[in-house]
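In what follows, every heavy atom counts, from backbone to side chain, and hydrogens, waters and symmetry copies are set aside. In this text the structure is predicted, and so the values were computed from the model without any measurement.
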Amino acid sequence: MLKSVITFLVVFFVIRLMGKRQIGEMQPFELVITLIIAEVACIPMNDPYIPLYYGLIPIITLATLHIVLSFVSRKSLKARKILSGSSVVVINPDGIIYENMKKMNMNMDDLIEAVRTAGYVDFTEIAYAIFETNGKLCIVESEQAQQQQPEQEQQQQQSGGEQQPEPKTLLPLELVIDGKLLKENIELSGADAAELESVCDEKNIKLSELLYADVRQDGNAYFSPKYGKAFCRKLAITGGENW
C-alpha cells in the first residue's frame with residue numbers, strides 16, 4: 001500500500017511537471033514518454049518483492065528526458081520538426097491531396113470520419129483541411145460556405161421577422177471511395193454507374209483513379225480524383241428522398 005501511494009505521488013508530480021496538455025494535444029514524444037511512465041509505474045506496485053526504486057528511477061529519468069527534449073524543441077526549429085513533425089495539408093481548393101494521405105497512412109474512411117468529427121459533412125464547404133502535429137484536424141471554410149450564413153441572416157432581416165421556409169439541408173452520400181463503387185449507396189440514390197464512368201471519361205481518368213465521389217439530394221455531385229483537381233457535376237438521380 002505504501003509503495004502504491006508513493007508511486008502515485010511521484011507520477012502525479014511528474015505529470016504536473018510535464019505540463020497541462022491533454023492526451024489528444026500531446027506531441028508524439030510526449031505521448032511515448034507518458035505511456036512508458038504508466039507502464040514503469042506499475043512494476044513495483046504489482047510485485048511486492050520488487051524494490052520501489054526500480055520504478056522511481058525510470059520515472060524520474062523519463063521526466064528529465066521530457067524536460068530536456070521540451071527545452072531543445074523550444075530553442076531549435078529543426079529539433080522541433082524532428083521531434084514533433086510538421087502539419088500536413090490533406091485538402092486544398094484543388095481537392096483531396098492523395099499523396100499527403102499516403103504519407104500519413106490514412107484512407108478515405110479515416111478522412112471522412114475526421115472531417116465529420118470536426119463538424120463538417122460536405123467537402124465543398126472546405127477550402128483547407130490541415131492535420132496538426134498533435135493529430136487534430138484544422139478546417140478553413142471555403143468562401144462559398146462563409147457567404148451562406150450572412151445571406152441567410154440578411155434574408156431573415158428583409159422578411160421582417162416573418163416565418164420563412166427553411167432551406168433543405170443536403171447530406172452528401174458517398175458513391176465512390178478509393179476507386180470502388182459503393183453499390184448500396186448507388187442503389188439508394190438512384191444514380192447510374194454508367195453516368196459516373198462517363199463523367200470520369202470526360203476528365204480522362206479511370207474510375208479506379210477516382211479517390212472520392214458523393215452526391216446530394218438535389219443531384220449535385222462532388223468528384224475528387226487521386227491526381228488532378230476536384231470538380232462538381234449534376235447527376236440524374238431518382239432517390240433523392242431516400243436519405
Side-chain angles (χ1 to χ4, degrees), residues 1-92 96-121 123 126-141 177-178 211-212 226:
M1 183 183 299
L2 183 59
K3 288 168 65 176
S4 299
V5 172
I6 295 174
T7 303
F8 166 76
L9 293 175
V10 172
V11 172
F12 178 76
F13 174 77
V14 167
I15 297 299
R16 287 296 302 272
L17 192 65
M18 289 172 58
K20 294 181 176 292
R21 291 185 187 225
Q22 298 177 0
I23 293 296
E25 298 175 346
M26 287 185 175
Q27 299 298 334
F29 78 91
E30 293 175 323
L31 181 59
V32 170
I33 290 177
T34 302
L35 293 175
I36 297 177
I37 286 177
E39 183 69 24
V40 170
C42 294
I43 295 176
M45 293 172 62
N46 293 334
D47 193 336
Y49 298 101
I50 296 179
L52 181 60
Y53 65 85
Y54 274 38
L56 297 185
I57 292 177
I59 291 174
I60 296 173
T61 302
L62 290 169
T64 304
L65 178 62
H66 175 271
I67 294 172
V68 172
L69 291 177
S70 297
F71 176 80
V72 172
S73 65
R74 286 198 306 268
K75 297 297 182 180
S76 171
L77 291 176
K78 187 175 182 180
R80 192 181 311 168
K81 187 174 182 179
I82 294 174
L83 292 171
S84 302
S86 302
S87 300
V88 179
V89 179
V90 291
I91 299 177
N92 64 16
I96 302 168
I97 306 176
Y98 180 61
E99 288 297 328
N100 287 354
M101 288 181 58
K102 288 199 301 183
K103 291 178 182 178
M104 298 183 64
N105 293 322
M106 290 186 65
N107 56 46
M108 270 307 303
D109 290 325
D110 295 331
L111 180 60
I112 292 171
E113 181 180 353
V115 168
R116 289 178 178 174
T117 302
Y120 295 83
V121 296
F123 283 97
I126 300 173
Y128 294 93
I130 307 166
F131 273 102
E132 305 295 349
T133 55
N134 59 11
K136 289 193 173 183
L137 183 64
C138 172
I139 290 181
V140 179
E141 291 185 346
I177 291 181
D178 292 326
L211 180 61
Y212 176 82
K226 292 181 180 179

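- When all heavy atoms are compared, the tightest approach of Tyr98 to Lys226 is CB-O, 3.4 Å.
- Taken from CD1 in Ile126 to CG in Leu137, the straight-line distance is 7.5 Å, to the nearest 0.5 Å.
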Side chain to side chain contact (heavy atoms under 4.5 Å, CB included) between Met104 and Asp110: does it pass, once the steps are laid out? CA-CA 11 Å; Met104 298 183 64; Asp110 295 331; over 6 Å; no

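- For Pro44 against Pro51, the heavy-atom pair with the smallest separation is CB-O, 3.9 Å.
- The shortest heavy-atom contact between Ala118 and Ile139 is CB-CD1, 3.7 Å.
- Here the OG1-CD1 distance, from Thr117 to Ile112, works out to 11.5 Å after rounding to the nearest 0.5 Å.
- The distance from the OG1 atom of Thr7 to the CG atom of Leu2 is 9.0 Å, given to the nearest 0.5 Å.
- Between His66 and Ile37 the shortest side-chain heavy-atom distance does not fall below 4.5 Å.
- In the displayed structure, Lys81 atom NZ is contacted under 6.0 Å by at most 12 heavy atoms of other residues, nucleotides or ligands.
- Taking the side chain as every heavy atom from C-beta outward, Phe29 and Ser70 approach each other to under 4.5 Å.
- Minimum interatomic distance between Pro58 and Val40 (heavy atoms only, all atoms of both residues): CB-CG1, 3.5 Å.
- Look at Arg116 and Glu113 and you find no salt bridge, because none of the NZ, NE, NH1 or NH2 atoms lies under 4.0 Å from a carboxylate O.
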Go through the steps for Leu35 and Val32 under the test side chain to side chain contact (heavy atoms under 4.5 Å, CB included), then give the verdict. CA-CA 5 Å; Leu35 293 175; Val32 170; 5.8 Å; no

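- Within the 4.5 Å cutoff, no side-chain heavy atoms of Lys103 are placed close to those of Val88.
- What you find for Ser87 and Thr133 is that their closest heavy atoms are N-CG2, 3.9 Å.
- Two residues are said to be in side-chain contact when any heavy atoms from C-beta on lie closer than 4.5 Å; Val89 and Ile130 meet this criterion.
- Using a 4.5 Å heavy-atom threshold, the side chains of Phe123 and Leu111 count as touching.
- Once rounded to the nearest 0.5 Å, the distance linking CG of Leu62 with CD1 of Ile36 reads 6.0 Å.
- Between the CE atom of Met101 and the CD1 atom of Ile91 there is a distance of 8.5 Å, given to the nearest 0.5 Å.
- Here the closest non-hydrogen pair linking Ile43 and Ile50 is CG2-CD1, 3.6 Å.
- By the 4.5 Å heavy-atom criterion applied to side chains, Asp109 and Ile177 are counted as neighbours.
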Carefully, step by step, assess Asp178 and Leu211 under the rule side chain to side chain contact (heavy atoms under 4.5 Å, CB included). CA-CA 5 Å; Asp178 292 326; Leu211 180 61; 3.4 Å; yes

